[in-house]
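To keep things clear, I will list the structure first and then write my remarks on it.
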Amino acid sequence: MIVSQVKEKVAAALEQLFNQPFTEKDFQVNQTKPEFEGDYTVVLFSLVKSLKLSPDQLGNSLGNQLLKNHPDLFTGFNIIKGFLNLSIKDEFWFSLLEENFANNSFGKATATGIKVMVEYSSPNTNKPLHLGHLRNNFLGWSIAEILKANGNEVIKTCVVNDRGIHICKSMLAWKLFSNGATPQTTNQKGDHFVGDYYVKFNDAYKKEVEDLISAGQSKEDAERNSPIMQQTQEMLKKWEAGDPETMELWRTMNQWVYAGFDETYKRIGSDFDRIYYESQTYLLGRDTVQEGLKKGIFFRKEDGSVWIDLTADGLDEKLVLRKDGTSVYITQDIGLAQDKYREYGIDKSIYVIGDEQNYHMKVLKLICQKIGLPYADSIYHLSYGMVELPTGKMKSREGTVVDADDIVDEMNAIAARHTAELGKVQDFAPESLKELYDTIGLGALKFFLLRVEPKKKMVFNPEESVDFHGFTGPFIQYTHARIKSILRKESINSSYKNYDGNGLLPLEKSLLISLEQYGDILQQSATELNPSVIAIFAFNLAKTFNSFYAEHSVMQAETESKKQLRLRIAAMTAIVLSSSMRLLGIRVPERM
RNA sequence: GGUCCGGUAGCUCAGUUGGAUAGAGCAUCAGCCUUCUAAGCUGAGGGUCAUUGGUUCGAAUCCAAUCCGGAUCACCA
């Protein structure tokens, strides 16, 4: 905001001086490096050449012109090697502070009227959530909230993968091996219960295949002929035919899973405005393909299968209907994309899906463009990298998958241990303690997964777990708690309007400069669809505050005026920290 | 093989619309709790920004080639 103000004023001053138009792209303005005097710096090199002036000449006339035009904003300048460093008047920061120290919506944008759908989470109902799902959930939720803070109307959705061969596997295994056990009788969370049968299926299947191979069959034959696999195929057919008994089992087992998911979602703070079930959407898209076939968007091969030719776009031919007329994965995605538009009239659609589906999403967007879906150009795949272990990828076969519930439990336990060791909240009631552990444990985990740019894969070390010091969620939470502690002891006297004295100290000013950037940061994170921008910002702000806190006393400030100034800076810092963290889905405690 | 993504300190990561001496955290070492919460602060060491070449006043950032790692290119989802 201030940077763009400075840019405007520089462009205007240049036009006055040289009698020709300038835009903000003709030069750069950035924050002055701490080792130089000044607050913001105009880089002169790009102008020097076209204006045929030395950097010193240009800097001097520009600096003087700016001072003359805006004596209320600039107090002075210096020129070092082609960099024009401008100093901003303290009053600018004072009025920013006075207007916003109690403004809870500081930095947020006004309504844009744009409607965005964010699809995330999208679990399979045959196994519980793991660490990778957590990255997805945290990203999706955070992006949705960031878009809201930037004035968009957001619809959070989730597509539940509740049908298909993988679901039948756990259903069959339950029929064969459970003896009628239920989550209630085994006292197990429903999603874990069902997930165990999925594992049991794979164990049984693996054994059958091995037996058949040692009986002389080839690997492919064995996999096809395995009785348990054939039974599963049959079950899928029965499901598609609507066989009552199969449907009943399917519904029952899915309900178990949903009960488990709900618990986890509630705990990690995921919520959705609209949930789609694949069992209700998997037939969508076929009509569209038929229409597109007439229009020549798709074509039919001799065997009757239907394809789209994307070679002109640098991709391959892609199947959209099998030769028997049934859909493939992408077909229903096309249908669902249209349904979303019919139901909500969305302007943009964001899919939070792992990077292994980059190609799929590229194809989906292209097809949507070709069939003329109105918002097709604004389909965006928020692609994120896998969460890996130090030993490599998580593999369910090798039992190295980090379970979501387990890791959340573990984070809580660590939070509890640290809290007990420090002994600062011994007067808390048990419920408050529980809530605090949740806030800190989950805060550490969410921050850890969100602080990295989404598209990068990341390494999670369960041995070292998540740290609670340094560039972490608890560090920021702790900073917030420290501020709140001050504000409980000293209240702001709103009759103070002037902060006379000896001007702003460097750390006071650093804080104000950071706070001022919050609006830009929110915009940037929305444009880039990248929560890590906010995570990094919040960390830097907290770090600056902690330096300030160690260096200067608020309550024992030199003068009452200074105290009032610092109280306001502290209060505003708390608001911005809290607001930033909320957009990451992280709560901040009053005490910890 | 085609396409896409990544390679920055011992480790995990910032920094890429080209700008001043490349930054954090962790780990290591040295300091700081009679004063607002030490989950904190201050300082030190640690770098051929994968490699090579190019573009220019200036390149971690842009271009080209190469090397390494990953994803994907299913009548699976």
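Only heavy atoms go into these numbers, but all of them, side chains included; no hydrogens, no water, no symmetry mates. All figures in this text were calculated on a predicted structure; none of them were measured in a lab.
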Can you figure out which of B:A14, B:G40, B:C73 approaches the side chain of A:Tyr478 most closely? B:G40
So does A:His469 get a side-chain nitrogen or oxygen closer than 4.0 Å to the phosphate oxygens (OP1/OP2) of B:G40? yes
Roughly, in whole Å, what's the span from NE2 in A:His381 to P in B:U72? 12 Å
Distance check: side-chain N/O of A:Lys489 vs OP1/OP2 of B:U37, anything under 4.0 Å? yes
Could you check whether A:Phe45 and the base of B:G19 form a stacked pair, meaning centres closer than 5.5 Å and planes differing by less than 30°? yes
Give a yes or no on whether A:Glu240 atom CD has more than 12 heavy-atom contacts from other residues, nucleotides or ligands under 6.0 Å away. yes
Assess the pair A:His418 and A:Phe468: is the distance between their ring centroids shorter than 6.0 Å? yes
Separation of B:U3 atom C1' from A:Leu366 atom CG, nearest Å, is 13 Å
Roughly, in whole Å, what's the span from CE in A:Met458 to C1' in B:C13? 9 Å
Between B:A77 and A:Asn126, counting only base atoms on the nucleotide and side-chain atoms on the residue, is there a donor-acceptor pair under 3.5 Å? no
How would you label the contact of A:Tyr359 with the nucleic acid (heavy atoms, under 4.0 Å): base, sugar-phosphate, or nothing? sugar-phosphate
Rounded to the Å, how far apart are A:Phe447 CZ and B:C26 P? 13 Å
Phosphate OP1/OP2 of B:A20: any A:Lys33 side-chain N/O under 4.0 Å: yes
Start at the 5' end of RNA chain B and walk down; is the nucleotide closest to A:Gln524 or to A:Gln556 reached first? A:Gln524
Pi-cation contact, A:Tyr549 with A:Arg482 (under 6.0 Å, within 45°): yes
Check whether any side-chain nitrogen or oxygen of A:Arg322 sits under 4.0 Å from OP1 or OP2 of B:C76, and answer yes or no. yes
A:Glu223 bridged to A:Lys219 by N-O distance under 4.0 Å: yes
Starting the side chain at C-beta, find the nucleotide from B:C41, B:C75, B:C73 nearest to A:Trp307. B:C75
Write down the partner of B:U34 under the Watson-Crick or G-U wobble criteria, each distance required to be under 3.5 Å. none
Nearest of B:G19, B:C75, B:C36 to any side-chain atom of A:Ile486? B:C36
Quickly, which of A:Tyr40, A:Phe45, A:Phe36, A:Phe77 forms a ring-ring contact (aromatic ring centres under 6.0 Å, His included) with A:Phe83? Name it, please. A:Phe45
Closest approach to the side chain of A:Ala550, judged atom by atom: which nucleotide of B:C41, B:U37, B:U12 is it? B:C41
Whom does B:C26 pair with, Watson-Crick or G-U wobble, provided both distances fall under 3.5 Å? B:G10
The nucleotide from B:G70, B:G19, B:G40 with an atom nearest the side chain of A:Lys457 is B:G70
Categorize A:Ile483 for me: base, sugar-phosphate, or nothing, with a 4.0 angstrom heavy-atom threshold over every strand shown. nothing
Just compare B:U16, B:U3, B:C75 and give me whichever is closest to any side-chain atom of A:Lys362. B:U3
Using heavy atoms to find the nearest nucleotide of RNA chain B for A:Asn85 and A:Phe471 separately, return the residue whose nucleotide is more 5′. A:Asn85
Using atom CG of A:Leu507 as one end and atom P of B:C41 as the other, report the distance to the nearest whole Å. 12 Å
Are A:Lys455 and A:Glu528 ion-paired here, with the side-chain N under 4.0 Å from a carboxylate O? no
In plain terms, say whether A:Lys362 and A:Asp313 are close enough for a salt bridge, that is, a side-chain N and a carboxylate O under 4.0 Å apart. no
Heavy atoms only, 4.0 Å cut-off, all strands: where does A:Val459 land among base, sugar-phosphate and nothing? sugar-phosphate
Ring-on-base stacking between A:Phe475 and B:G40, under 5.5 Å between centres and under 30° between planes: is it there? no
Between P of B:C76 and CG of A:Asp333, the distance in whole Å: 16 Å
Base, sugar-phosphate or nothing for A:Lys455? Non-hydrogen atoms, less than 4.0 Å. sugar-phosphate
B:A38 phosphate, OP1 or OP2: any side-chain N/O from A:Arg482 under 4.0 angstrom? yes
Is the phosphate of B:C13 approached by A:Ser532 (side-chain N or O, under 4.0 Å from OP1 or OP2)? no
Using whole Å, what does the distance between atom C1' of nucleotide B:U72 and atom CG of A:Asp313 come to? 17 Å
Hey, is the side chain of A:Lys456 poking within less than 4.0 Å of OP1 or OP2 on B:A14, counting only N and O atoms? yes
Please give the nucleotide sitting opposite B:A50 as a Watson-Crick or G-U wobble pair, both distances under 3.5 Å, or none. B:U66
Taking syn as a glycosidic torsion within 90° of 0 and anything else as anti, which one is B:C33? syn
How would you label the contact of A:Tyr549 with the nucleic acid (heavy atoms, under 4.0 Å): base, sugar-phosphate, or nothing? base
Can you tell me the distance, in whole Å, between the CD atom of A:Gln31 and the P atom of B:G23? 14 Å
Using a strict threshold of under 4.0 Å (side-chain N to carboxylate O), is an ion pair present between A:Arg566 and A:Glu558? yes
Could you say whether the aromatic ring of A:Phe36 and the base of B:A20 stack, counting only centre distances under 5.5 Å and plane angles under 30°? yes
Candidate nucleotides B:C75, B:C13, B:C41, ranked by approach to the side chain of A:Asp303 - the nearest: B:C75
From B:U37, B:C41, B:C73, pick the nucleotide closest to the side chain of A:Ser547? B:C41
Regarding A:Leu422, tell me which of base, sugar-phosphate or nothing describes its non-hydrogen contacts under 4.0 Å with the strands shown. base
Scan A:Val43 against the nucleic acid and name what it touches under 4.0 Å (heavy atoms): base, sugar-phosphate only, or nothing. base
